[in-house]
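Read through the structure below, which is laid out as structure tokens, and then see the notes.
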Amino acid sequence: MNIGSITKVSGPLVVASGMREANMFDVVRVSEQRLIGEIIEMRGDRASIQVYEETSGLRTGEAVVSTGEPLSVELGPGLIGGIFDGIQRPLEEIMKIAGNNLTRGIEVPALSREKQWKFTPCVKAGDTVTGGDVLGTVQETDVVLHKIMLPPMMKGVVREISEGMCTVEDTVAIIEDRDGNPQPIGLMQKWPVRKGRPYTRKLAPKMPLVTGQRVIDALFPIAKGGVAAIPGPFGSGKTVTQHQLAKWAEADIVVYIGCGERGNEMTDVLGEFPELIDPHTGKSLMERTVLIANTSDMPVAAREASIYTGITIAEYFRDMGYSVALMADSTSRWAEALREMSGRLEEMPGEEGYPAYLGSRLAQFYERAGRVESLGTEPREGALSVIGAVSPAGGDISEPVSQATLRIVKVFWGLDSALAYKRHFPAINWLTSYSLYASSLGEWFNANVADDWTTLRARIMQLLSREAELEEIVKLVGMDALSPADRLTMEAARSIREDFLHQLAFHEIDTYTSLKKQLLMMRLVLGFYDQSTARLEAGGNIEKIAAMPVREDIGRFKYVEEAKVDEAYDEILAQLKEELEHAKDEEDD
């Protein structure tokens, strides 16, 4: 234990002397109030400490005690359904002790020491085990089977293992290590948040993370183990989009980090998630969710910790072989915390005052995502997908955080305030967004959904791009100046925008669309365009084609229940053919 004393207090930054024996990133306790902090810079015996609690009232000369350990999280049963702050303090437990306001210096363990869990062994005495092996399981919720793994760096022989009810601190197994020393193993392990958890190897992202959101799955898909960014101005729907992804994405576990966003947004999350019914299981969504709540009125330094706390928890569940989706809302607030701490450390600023290492810090965070083969004698395949919201001021993505993020991520879902104001959800601009996974995932879609999936996607993107070109002409000379073929292109693109890309998040059917239904919707819209083009080339009238009643049925197809889509699809195609023939007969007469 190293004890120093405060020499300077500057907001969340505290400088202490006499800390020669301390190390970078050690956790320290500041003053008699035992405020928790972390060493972020060492110069001789002087340590610069970012304190994760309010520092007002601290005085020079007060004691600073190093714990000698890095900032770590507790990993074990009790995480699922938990609501933690940025340094993994359980907010519900703190509220029971201290009321609605966080008390400075309060110490509450992240995982309950009283709650008992039923441990069921998967190995027996005499078995040789290595880091990552599953020693047993705990049914944490009705949805999540928590796998108790041997810590990554351990290896040995099981000498004792017991079944029954126990707390996270109880010993459930004795492992004899390579030196013959007995090592007690409990349900809980600790891991430093700034160090990525190890794995055997990283695998190529070959499967999509299906979200049920048509603009994402069909046009800009994300792979399981992939990374995506959602930049957009205030009010464009970043948080609602992340809520939809948390609810509907095909992930076993969801970790949602509210990093420095407004308190009312996080309140909505905390109030809404427990009430949401998980469509995959029929249970509460919280039965597979971990929430990290670190709002804008909490100490700025804790924003950085919340990002690392969340992704370390996500990696832990990935190692069990689960598909994990992590939502970070938003990385801009984290970057602002880096900027403030960098300024107080008097470091040389980079662009717009952000630290010069902003890009590398973002890269270190996002590269912890991936689809991996986990450690262990019988390796498991797990995936950690990271979706980070970015909040550029005024929606200007030329600012440093957005640009640094775009250099790292493979998927860019650019939100557009103009679309949001038109009540178009999701407000993802199809002209500025992109997915670098689209080509590699195209093989999976063609093999598992339909062999024409990538062709349909390419044609839809082509029509939307052509519509943007024609709109410029319409603005100059009006719609009447367009040829009938171009007018039909505009009609088809409008159908794509309004009938296919527009989705109602709060409609019980339209909120989620299966890949099969998305395929049929694309075929319907393009079927209308192809058959109408043929009729137009045969001398048809564009006005009559555009006014066909079947177009309304195509638009309503998204409200058809999944069980009835095949029947409805055949009926609409038959109606389309009939109305085109009827239009032809009228023209012949």
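Only this structure's heavy atoms are used, side chains among them; waters, hydrogens and symmetry mates stay out.
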Salt-bridged, [X] to [Y], with N to O below 4.0 Å?
{"X": "K195", "Y": "E315", "result": "no"}
{"X": "R159", "Y": "E176", "result": "yes"}
{"X": "R303", "Y": "E336", "result": "yes"}
{"X": "E92", "Y": "K96", "result": "no"}
{"X": "E38", "Y": "R194", "result": "yes"}

[Y] backbone acceptor or donor facing [X] side chain under 3.5 Å:
{"X": "S323", "Y": "A251", "result": "no"}
{"X": "W413", "Y": "F220", "result": "yes"}
{"X": "S332", "Y": "S391", "result": "yes"}
{"X": "T312", "Y": "Y308", "result": "yes"}
{"X": "T211", "Y": "A249", "result": "no"}
{"X": "E140", "Y": "P77", "result": "no"}
{"X": "R29", "Y": "R34", "result": "yes"}
{"X": "R339", "Y": "L358", "result": "no"}
{"X": "S385", "Y": "K224", "result": "no"}
{"X": "D179", "Y": "N181", "result": "no"}

Using a distance-only test with no angle check, is there a side-chain donor-acceptor pair under 3.5 angstrom linking [X] and [Y]?
{"X": "S17", "Y": "D45", "value": "no"}
{"X": "E347", "Y": "S342", "value": "yes"}
{"X": "E304", "Y": "Q50", "value": "yes"}

At what distance, to the nearest 0.5 angstrom, does [atom1] of [X] lie from [atom2] of [Y]?
{"X": "Q183", "Y": "D177", "atom1": "CD", "atom2": "CG", "answer": "4.5 Å"}
{"X": "I87", "Y": "S306", "atom1": "CD1", "atom2": "OG", "answer": "10.5 Å"}
{"X": "L75", "Y": "I313", "atom1": "CG", "atom2": "CD1", "answer": "7.0 Å"}
{"X": "I49", "Y": "S66", "atom1": "CD1", "atom2": "OG", "answer": "8.5 Å"}
{"X": "E41", "Y": "E346", "atom1": "CD", "atom2": "CD", "answer": "9.5 Å"}
{"X": "I408", "Y": "Q364", "atom1": "CD1", "atom2": "CD", "answer": "9.5 Å"}

Beyond-backbone contact of [X] with [Y], side-chain heavy atoms, under 4.5 angstrom:
{"X": "V28", "Y": "M19", "result": "yes"}
{"X": "F25", "Y": "N23", "result": "no"}
{"X": "L375", "Y": "D319", "result": "no"}
{"X": "I3", "Y": "V64", "result": "no"}
{"X": "T171", "Y": "I185", "result": "no"}
{"X": "V157", "Y": "I175", "result": "no"}
{"X": "Y256", "Y": "I292", "result": "no"}
{"X": "P205", "Y": "Y437", "result": "yes"}

On a heavy-atom basis, which atom in [X] and which in [Y] lie closest, and how many Å separate them?
{"X": "T239", "Y": "D329", "result": "OG1-OD2, 3.0 Å"}
{"X": "E62", "Y": "S31", "result": "OE1-CB, 3.2 Å"}
{"X": "L326", "Y": "L384", "result": "CB-CD1, 4.1 Å"}
{"X": "G132", "Y": "R380", "result": "O-NH2, 2.8 Å"}
{"X": "G388", "Y": "Q242", "result": "C-NE2, 4.2 Å"}
{"X": "L441", "Y": "P208", "result": "CD2-N, 3.7 Å"}

Side chain to side chain contact (heavy atoms under 4.5 Å, CB included) evaluation trace for L71 with Y52: CA-CA 11 Å; L71 183 65; Y52 295 130; 4.0 Å; yes
Qualifying residue, where the test is salt bridge (Lys or Arg N to Asp or Glu O under 4.0 Å) with E373 and the options are K202, R318, R201: R201
Could you tell me whether [X] atom [atom1] has more than 12 heavy atoms of other residues or ligands within 6.0 Å of it?
{"X": "E107", "atom1": "CD", "value": "yes"}
{"X": "K147", "atom1": "NZ", "value": "yes"}
{"X": "M165", "atom1": "CE", "value": "yes"}

V134 vs I148, side chain to side chain contact (heavy atoms under 4.5 Å, CB included): CA-CA, chis, key distance, verdict: CA-CA 6 Å; V134 177; I148 306 303; 5.9 Å; no
E351 vs Q403, side-chain hydrogen bond (donor to acceptor under 3.5 Å, both in side chains): CA-CA, chis, key distance, verdict: CA-CA 11 Å; E351 188 178 356; Q403 289 302 305; over 6 Å; no
Chi angles and distances behind the side-chain hydrogen bond (donor to acceptor under 3.5 Å, both in side chains) call for E399, S402: CA-CA 6 Å; E399 55 88 41; S402 298; 2.6 Å; yes
E53 vs R104, salt bridge (Lys or Arg N to Asp or Glu O under 4.0 Å): CA-CA, chis, key distance, verdict: CA-CA 6 Å; E53 302 183 69; R104 293 200 298 178; over 6 Å; no
Counterpart residues, ring-ring contact (aromatic ring centres under 6.0 Å, His included), relative to F317 (two or more places apart):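 Partners of F317 under the ring-ring contact (aromatic ring centres under 6.0 Å, His included) test: H146.
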Residues K8, R46; criterion side chain to side chain contact (heavy atoms under 4.5 Å, CB included); working and verdict: CA-CA 11 Å; K8 178 184 176 184; R46 292 168 63 87; 5.6 Å; no
Test log, rule side chain to side chain contact (heavy atoms under 4.5 Å, CB included), inputs T200 and V372: CA-CA 7 Å; T200 301; V372 305; over 6 Å; no
Worked verdict on D170 versus T167 for side-chain hydrogen bond (donor to acceptor under 3.5 Å, both in side chains): CA-CA 5 Å; D170 291 339; T167 68; 3.3 Å; yes
